Amino acid sequence: MKKLPRSFYDRDTIRVAQEILGMHLVHRNGNIERIGRIVETEAYLGEHDLAAHSAKGRTPRTEIMFGPPGHAYVYLIYGMYHCLNIVTEKEGHASAVLIRALEPIQNCDGRTSGPGLLCNAMHITKACNGQDLLSDELFLIEPFPKPILRQNQDKIFIAKRPRVGVDYARHWAKRLLRFSIRGNAWVSRK
DNA sequence: CTCGGGATGCGT
DNA sequence: CGCATCCCGAGG
């Protein structure tokens, strides 16, 4: 059970969004350790991606997206829910992977199918914004046995769909940038 | 300063 | 489909 290194995040965002499926997200809060297995993600591809927050340019909110890879970008949506993203690629790319659903593994406090719900269940709030994922509070590990997910077996294991709730993003809304483990019961909006 | 809308989720 | 609920970003 090894913490994923910086180099894992410092790669093409679509690759990260797919290969992060099956990894375990760990949040240590107080003396409680919560763990969920990532089963659904979305890729947000930098300033040119009209669906990405970074498309509006560098602002106080999106600052983290423009920073180095392997950090958490957490924001509040609709005044009620938090969403967890993981910054990818070189500093300045302003790309990230949104974590959309988890399979509960340990100490999850409520439902985990949906980006807002999983943050509630994992007790992830804006206090986690900017967290380095090489820290001991919030990080990812590759569980053992290693998940059998390979790029050349996408058709078997990874479902690809358009992203949710980004109809305003014109042609970017049509791209298949939402990834999930095919057949997994914890994927959102079945 | 105001104001409109949003990478959501739940109840009807 | 409506609504809860509030931060953010744009514009005056």
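Proteins get letters first, then strands, A, B, ... in listed order; numbering begins at 1 in each. As the structure is a computational prediction, the values presented were derived from the model and not from experiment.
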Whole angstrom value for the distance that separates [atom2] of [N] from [atom1] of [X]:
X      : N     : atom1 : atom2 : value
A/M65  : B/dA7 : CE    : P     : 11 Å
A/H82  : B/dA7 : NE2   : C1'   : 15 Å
A/D167 : B/dT8 : CG    : P     : 11 Å
A/L50  : B/dA7 : CG    : P     : 12 Å
A/Y75  : B/dT8 : OH    : P     : 6 Å
A/W172 : B/dA7 : CH2   : P     : 15 Å

Transitively linked via ILVMFWY side-chain contacts under 4.5 Å: A/V39 with A/L98?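 Per the 4.5 Å side-chain linkage, A/V39 and A/L98 are not co-clustered.
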Cationic tip of A/R163 above A/Y44 ring, under 6.0 Å, 45° of axis: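 Yes, cation above the ring, under 6.0 Å and within 45°.
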Tell me whether the guanidinium CZ or amine NZ of A/R11 lies under 6.0 angstrom from the six-membered ring centre of A/F8 and within 45° of its axis.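 Positive - A/R11 is close enough to the ring of A/F8 and near enough to its axis.
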Suppose we define a pair by two distances each less than 3.5 Å, Watson-Crick or G-U wobble; what does C/dT5 pair with here?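 C/dT5 is paired with nothing.
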Who pairs with B/dA7 - Watson-Crick or G-U, where each distance is under 3.5 Å: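 Checking every strand shown, B/dA7 finds no partner, since no pair has both distances under 3.5 Å.
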Is a donor on one side and an acceptor on the other found under 3.5 Å between the side chain of A/W172 and the backbone of A/H48?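 Yes; at least one donor-acceptor contact below 3.5 Å.
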If we ignore angles and hydrogens, is there a donor and acceptor under 3.5 Å between the side chains of A/S188 and A/E40?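 Looking only at side-chain atoms, A/E40 and A/S188 do form a donor-acceptor pair, the distance falling under 3.5 Å.
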Please tell me if [X] has a side-chain N or O lying less than 4.0 Å from either OP1 or OP2 of [N].
X      : N     : answer
A/R100 : B/dT8 : yes
A/Y73  : B/dA7 : no
A/R111 : B/dG9 : no

Counting only heavy atoms not in A/K3, do more than 12 sit closer than 6.0 Å to its NZ atom?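 Yes, because the 6.0 Å sphere around NZ of A/K3 holds more than 12 heavy atoms from other groups.
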Can you check each nucleotide of nucleotides 5-12 of chain C against protein heavy atoms at under 4.0 Å and return B for base, S for sugar-phosphate only, - for none, in 5' to 3' order? BBSSSS--
Looking at A/E89, A/Q18, A/E42, which one forms a side-chain hydrogen bond (donor to acceptor under 3.5 Å, both in side chains) with A/T13?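 It is A/E89; the other options fail the test.
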